[in-house]
Amino acid sequence: MPEKRSYYLTTPIYYVNAAPHLGTAYTTVAADALARYQRLNGRDVLFLTGLDEHGQKVEEAATAHDCTPREWVDRLAPAFTELWRQLAISNDRWVRTTDPEHERAVQTLAQQLYDTGDIYPGTYEGWYCVPDEAYWAQSDLDMHAHDAGETDAPLCPDCGRPLRYVEEQNYFFRLSKYQDWLLGYYEQHPDFIGPETRRNEVVSFVRGGLKDLSISRANVKWGVPLPWDADHTMYVWFDALINYISAVGYGDKARFAEFTRRWPANLHFVGKDIIRFHCVIWPAMLHAARLPLPERIFAHGFLLAKGEKMSKSKGNATAPAELIERFGVDGYRYYFLRDVSFGTDGSISDEAMVQRYNGDLANDWGNLCSRLFNMAHKYCGGVVPDPANCANAEEGAVLRDVAAGLYARVDAAFAALDYAAALEAIWDLVKAANRYLEESAPWTLAKAEEGSTEQARLAAVLYSALEAVRIIALFTAPVLPLASAEVFARLGLSALDCSSTEALGALPPLEQLTTWGGLPVGNEIVIGDPLFPRL
Ligand code: MSP
């Protein structure tokens, strides 16, 4: 078998200042669905996620909880791994910025930029947002808007929380030097940043002029020490961005082959609030270090609760565990990918979630499976019937035709990161199968006597619907991994597990798998419990 092509995708690494919420889970679920899709599509996937553990924000969270930063991150890290387990997140690798290999990689890259003169000493004086770990130039601030509380400081233009004044000796990265180069790069690589609105935003930001960036902190102890000046720790964003290369062996001679196979990444998923870091600073860092740039960076929007960004600090963030409990893992994943358009902000609500669950999952998809599996037992002895004796060779063509066009539609939708469109396309087949059963009325055909043309047609009708179910289970597996695995088991097929390239084994790629006629006649069918019990 020829070697599978690499597909490397990443999520942002999450701050360990509080437990994960729906917003952080959103990026991870979307990335997971894509990772699973690419595995099914025949790629050798490396899906990376992890934790951003250094910096002032984490240091202060630890102090507030009377423990050391090390104790704090170790105490909180399991909340993330546990949630990813509950949500069936199939990351192939897990990075923590306190991993010694990561810290070494950070030092290697920093030293290189220091040696080439891209990092130089200077003095920083200005405003800093601790929750965002971001510097702000005076010109970005509205000096009339002040904190109503005790600090009287100007507010962060991004998150609206009071800024802090910082004045310290530190080191700078020559970001300004790369301004023209960056603009040229965006121009020559129109797909580098998506969606279009974010690309435009980044371009106009860079056109507005770049200043050199302070990349070390003298007063923050919780971080990676600079190799040439141990009184400074690395600015947390500089440290964190490097996770994308440290996780695949950057700077480690023994892992050179792995690094060249995996890097550059195919895709970085980010939220729209962190595009400057990913689309401006990160490419400049890589270019300065003579490393290739990721193929694409895609920014999704925010989940809004009653019109406001859902966040820990606003106290409007629902705990994912509650929703998993009610809707199940698949119900949870389905809702966020189907109902919220990826790339723009999306309001979420309990009513919408119940509606999607009951309508699409319980009524359409779950019900199709249970009525069909029941009919297979009632009319065909519980096995996949043989369609060969049906006089009409065109029986089931309505389903075969929808199925035939599906791969191209779904693949295009995944390539565009349009999850809702992918699911909508698949639902065309779900709905067609339900309609087909209504119209061909197997319960009437079953009344005809043994050996009749109606009985032969019945076998072909049920075969066609069962085959549609097999194909739907394959296409929905990236979003509904548990239900798909279950449907495969009930159809007597070998396991469908796209949680890792190895788990998929020698399964042919999705396009081939979804070709009509793959369901073996005679397979035993299990009725089982409803896949999505109505709420
Ligand atoms: N640690 C940095 C990322 C470093 S990557 C080298 C960070 N962490 S974060 O935990 O604050 O946020 C991580 C991601 O969660 C961001 O992409 C952010 O957009 C996303 N979300 C946080 N709240 C969100 C919503 N309410 N809705 C959707 N996503 C949001 O930033």
Side-chain angles (χ1 to χ4, degrees), residues 9 22 25-41 87-90 194-195 267 269 298 300-301 303 323-324 327-349 351-369 399 402-435 468-488 496 498 510-511 513-514 531-532 535:
L9 85 159
L22 288 186
Y26 181 54
T27 326
T28 317
V29 165
D32 183 72
L34 185 65
R36 288 174 183 270
Y37 179 75
Q38 293 296 355
R39 293 187 193 110
L40 275 173
N41 219 5
L87 281 171
I89 301 303
S90 63
L267 181 66
F269 268 121
F298 190 88
H300 63 71
L303 296 181
L323 297 180
I324 301 172
F327 297 92
V329 179
D330 285 347
Y332 180 109
R333 295 167 59 105
Y334 182 82
Y335 173 70
F336 288 99
L337 297 178
R338 176 65 186 85
D339 218 52
V340 181
S341 144
F342 203 69
T344 56
D345 289 352
S347 284
I348 57 167
S349 73
E351 304 79 70
M353 202 162 175
V354 172
Q355 216 173 352
R356 279 282 171 208
Y357 177 91
N358 278 340
D360 299 4
L361 297 179
N363 290 356
D364 293 345
W365 177 216
N367 200 27
L368 171 64
C369 293
L399 298 187
V402 179
L406 211 45
Y407 175 77
R409 291 171 70 195
V410 172
D411 194 55
F414 269 102
L417 302 176
D418 190 345
Y419 298 94
L423 290 165
E424 219 178 301
I426 303 166
W427 250 250
D428 281 352
L429 187 55
V430 175
K431 290 187 177 135
N434 275 319
R435 222 179 303 122
V469 162
R470 182 190 71 90
I471 292 172
I472 296 161
L474 279 162
F475 278 119
T476 50
V479 176
L480 309 171
L482 273 53
S484 287
E486 183 59 31
V487 168
F488 254 52
L496 177 62
C498 46
L510 188 62
E511 185 172 17
L513 279 176
T514 52
L531 290 173
F532 301 100
L535 287 175

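For the atom pair CG of Leu480 and CD of Glu486, the computed distance is 13.0 Å after rounding to the nearest 0.5 Å. Rounded to the nearest 0.5 angstrom, Leu429 CG and Leu368 CG are separated by 8.5 Å. Taken from CG in Leu361 to CZ in Phe532, the straight-line distance is 4.5 Å, to the nearest 0.5 Å. From Asp418, atom CG reaches atom CG of Leu423 across 9.5 Å, with rounding to the nearest 0.5 Å. The distance from the CG atom of Leu267 to the CG atom of Leu9 is 6.0 Å, given to the nearest 0.5 Å. Remark: Asn363 CG to Lys431 NZ distance equals 11.0 Å, nearest 0.5 Å.
Taking the side chain as every heavy atom from C-beta outward, Thr28 and Leu87 never approach each other to under 4.5 Å. Using a 4.5 Å heavy-atom threshold, the side chains of Val487 and Ile472 count as separate. Looking only at side-chain heavy atoms (C-beta outward), Asp32 and Arg333 come within less than 4.5 Å of each other. At a threshold of 4.5 Å between non-hydrogen side-chain atoms, the residues Leu40 and Phe475 do not count as touching. Between Val479 and Arg338, the closest side-chain pair of non-hydrogen atoms is not below 4.5 Å. Thr476 is not listed as a side-chain neighbour of Tyr334, based on a closest heavy-atom distance of 4.5 Å or more. Side-chain contact check for Leu34 versus Pro478: every heavy-atom pair is 4.5 Å or farther apart. In this structure, Phe336 and Met353 have side chains that are in contact, with non-hydrogen atoms separated by less than 4.5 Å.
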Evaluate Leu531 against Asp330 for side chain to side chain contact (heavy atoms under 4.5 Å, CB included), listing each step before the verdict. CA-CA 10 Å; Leu531 290 173; Asp330 285 347; over 6 Å; no
Between Tyr407 and Ile471, is the side chain to side chain contact (heavy atoms under 4.5 Å, CB included) condition met? List the steps. CA-CA 10 Å; Tyr407 175 77; Ile471 292 172; over 6 Å; no
Just do the side chain to side chain contact (heavy atoms under 4.5 Å, CB included) check on Thr514 and Val410 with the steps written out, would you? CA-CA 12 Å; Thr514 52; Val410 172; over 6 Å; no
Test side chain to side chain contact (heavy atoms under 4.5 Å, CB included) applied to Leu535 and Phe327, step by step: CA-CA 8 Å; Leu535 287 175; Phe327 297 92; 3.4 Å; yes
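Using a 30° and 60° split on the angle between ring planes, Trp365 and Trp427 fall in the perpendicular class, above 60°. The aromatic rings of Tyr26 and His300 lie perpendicular to each other, with more than 60° between the two planes, well past the 30° mark.
The main-chain N or O of Cys498 is found under 3.5 Å from a side-chain atom of Arg39 such that the two form a donor-acceptor pair. Checking side-chain atoms of Asp339 against main-chain N and O of Ile348 turns up no donor-acceptor pair under 3.5 Å. Put simply, the side chain of Asn434 gets close to the backbone of Asp364: a donor and an acceptor are under 3.5 Å apart.
For the residue pair Tyr37 and Leu510, the shortest heavy atom distance occurs at CE1-CD2, 3.5 Å. Heavy atoms only, all atoms of each residue included: Pro195 and Phe298 are closest at N-CE1, 3.6 Å. Considering all non-hydrogen atoms of both residues, Ala88 and Leu482 come closest at CB-CD1, 4.2 Å. Taking each heavy atom of Ala468 and Leu399 in turn, the nearest pair found is CB-CD1, 4.0 Å. Taking both residues in full, the closest heavy atoms of Leu496 and Ser484 are given as CD2-CB, 4.0 Å, listed atom of the first, atom of the second, then distance. What you find for Tyr357 and Gly331 is that their closest heavy atoms are CD1-CA, 4.2 Å.
Between Phe342 and Phe269, the gap from one ring centroid to the other is short of 6.0 Å.
For the residue pair Asp411 / Asn41, a side-chain donor-acceptor distance below 3.5 Å is found, with atom types taken as modelled.
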